[in-house]
There are 2 protein chains.
Amino acid sequence: MNKQKKTDFQVQFANAAGMLASRFSLNPTVGQIYGLLYMSNGPVSLSEMVKKLGISKGSASTNVRILESWGAVRKVWVDNSRKDYYEANPDTLNIIINRVREGVGKRLDEAEEKLKNVEKGLASSAAAAEDNAGFYESRINKIKESYGQIKDLLQFFSRED
Amino acid sequence: MNKQKKTDFQVQFANAAGMLASRFSLNPTVGQIYGLLYMSNGPVSLSEMVKKLGISKGSASTNVRILESWGAVRKVWVDNSRKDYYEANPDTLNIIINRVREGVGKRLDEAEEKLKNVEKGLASSAAAAEDNAGFYESRINKIKESYGQIKDLLQFFSRED
DNA sequence: TAATACGTTTAGAACGTACTAAACGTTATG
DNA sequence: CATAACGTTTAGTACGTTCTAAACGTATTA
């Protein structure tokens, strides 16, 4: 009974985290798992996640490893047990900042690459001879500028000193 | 022929923007449309979007209004035409910053609300009497702190002076 | 007034994502 | 050596999202 109540509170928190995650285009289960571990005072096994959150073993296994790859949880060793135990990295803000930085940075690099190709296509096309050639160039330069500014913002966040 | 080449360049750019958009969990068509308008020196009609991008009329109509609601494009008046014309707001960086600020802010407010309820549930549950009660409180406070820091970051961006 | 030219809305289909259940491989244990 | 207890992987399914095609409403034009 007491046990039940305890679970309820943690699960409520976990579910709120899951809802928040899905609002940010993340899969809800990573949010639930992180939320549960965040609100647990000690290591939690896969089977506890399964039982408390009512999710499947496969989903728990997959998603906890996603969280691990983000540095949001880590595997901890528990004596006399064959089970895998995890605990949350409680520094949520840093996890978020790192993920934003890496995620945005990667996508921006892809975009830069693609822009380079489009620009090359422009140079060798009839568009370059148009009246609008100057306009095209200026817009491309403007985009490159924005790109640089976003990169600067990301750098700003990565200062940890 | 010349016309064709010109279209190709703009469409290449638009498609790159579409790809980038979908990498950021946005629907690709808003990216394509914004990209086309961004690379057009003058107003563009719905039917031009349809023809150049190879999308349906319905999709163009829906998505251009999404862009309008973001302040990313605006409707412009063209004499002697019953068509709707649009042009891009070329300040891409500001559009992005505003959307991030509003989108994140809104979701964070929802989360804060939910957290408040969970906290209330904690107070009136057996969990509050546990050994872990102090731990729970500290974790909740830590989350609230992160919440405030993110809010501060968002405020930081909204300075336009 | 009939026909046309618009933009909008809706119904249906296609697609990607993420879940569950079950098969699987491995390691411990009786 | 057989069985059980794990975590992982896979096949299938359910769901939300976003597209197209078509129906629709409205306004213009012949």
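Just so we're on the same page: letters track the sequence lines, and every chain starts at 1.
The existence of a salt bridge linking E68(B) and K75(B) is excluded, since no basic side-chain nitrogen approaches an acidic carboxylate oxygen closer than 4.0 Å. Between D84(A) and R65(A), no side-chain nitrogen of the basic residue sits less than 4.0 Å from a carboxylate oxygen of the acidic one, so the salt-bridge criterion is not met. E119(B) has a carboxylate O that lies under 4.0 Å from a charged side-chain N of K144(B), or vice versa, which qualifies the two as a salt bridge.
Contact check, S61(B) against dG7(C): no side-chain N or O comes under 4.0 Å of OP1 or OP2. At the phosphate of dC19(C), OP1 or OP2 sits under 4.0 Å from a side-chain N or O atom of S59(A).
When DNA chain D is scanned 5' to 3' for any atom under 4.0 Å from a heavy atom of chain B, the first and last hits are dT18(D) to dT28(D).
With no hydrogens or angles considered, no side-chain donor-acceptor pair links Y136(B) and N141(B) at under 3.5 Å. With no hydrogens or angles considered, no side-chain donor-acceptor pair links K142(B) and T92(A) at under 3.5 Å. Of the N and O atoms on the side chains of D109(A) and Y147(A), at least one donor lies less than 3.5 Å from an acceptor on the other residue.
With hydrogens and angles ignored, no donor-acceptor pair under 3.5 angstrom links the side chain of K83(B) to the base of dG7(C).
Applying a 4.0 Å cut-off to non-hydrogen atoms, the residues of residues 20-39 of chain B that approach DNA chain D are N27(B), T29(B), listed by residue number. Contacts of residues 65-74 of chain B with DNA chain D (heavy atom under 4.0 Å): none.
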Discussion item. Before you tell me yes or no, could you show the steps for Y38(B) and V73(B) under side chain to side chain contact (heavy atoms under 4.5 Å, CB included), namely the whole-Å CA-CA distance, both residues' side-chain angles and the distance that decides it to 0.1 Å?
Written reply: CA-CA 9 Å; Y38(B) 182 87; V73(B) 308; over 6 Å; no
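Judged by a 6.0 Å distance limit and a 45° cone about the ring axis, R74(A) is not positioned over the six-membered ring of Y86(A).
The CD1 atom of I150(B) sits 13.0 Å away from atom CZ of R107(B), with the distance rounded to the nearest 0.5 Å.
Following rounding to the nearest Å, K57(A) (NZ) and dA21(C) (P) show an atom-to-atom distance of 12 Å. A straight line from CZ of R82(A) to C1' of dG30(C) spans 12 Å, rounded to a whole angstrom.
For K151(B), the NZ atom sits in a packed shell: over 12 heavy atoms of surrounding residues, nucleotides or ligands are nearer than 6.0 Å. The environment of D131(A) atom CG is sparse: at most 12 non-hydrogen atoms of other residues, nucleotides or ligands sit within 6.0 angstrom.
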Between protein and nucleic acid, restricted to nucleotides 13-15 of chain C and to nitrogen or oxygen atoms under 3.5 Å apart, what atom pairs and distances do you find?
none

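Nearest-nucleotide positions on DNA chain C place V64(B) closer to the 5' end than the other of G58(A) and V64(B).
The hydrophobic cluster containing Y85(A), built from Ile/Leu/Val/Met/Phe/Trp/Tyr side-chain heavy atoms closer than 4.5 Å, also comprises V76(A), V78(A).
With sequence neighbours left out, the side-chain hydrogen bond (donor to acceptor under 3.5 Å, both in side chains) criterion links K106(B) to no other residue.
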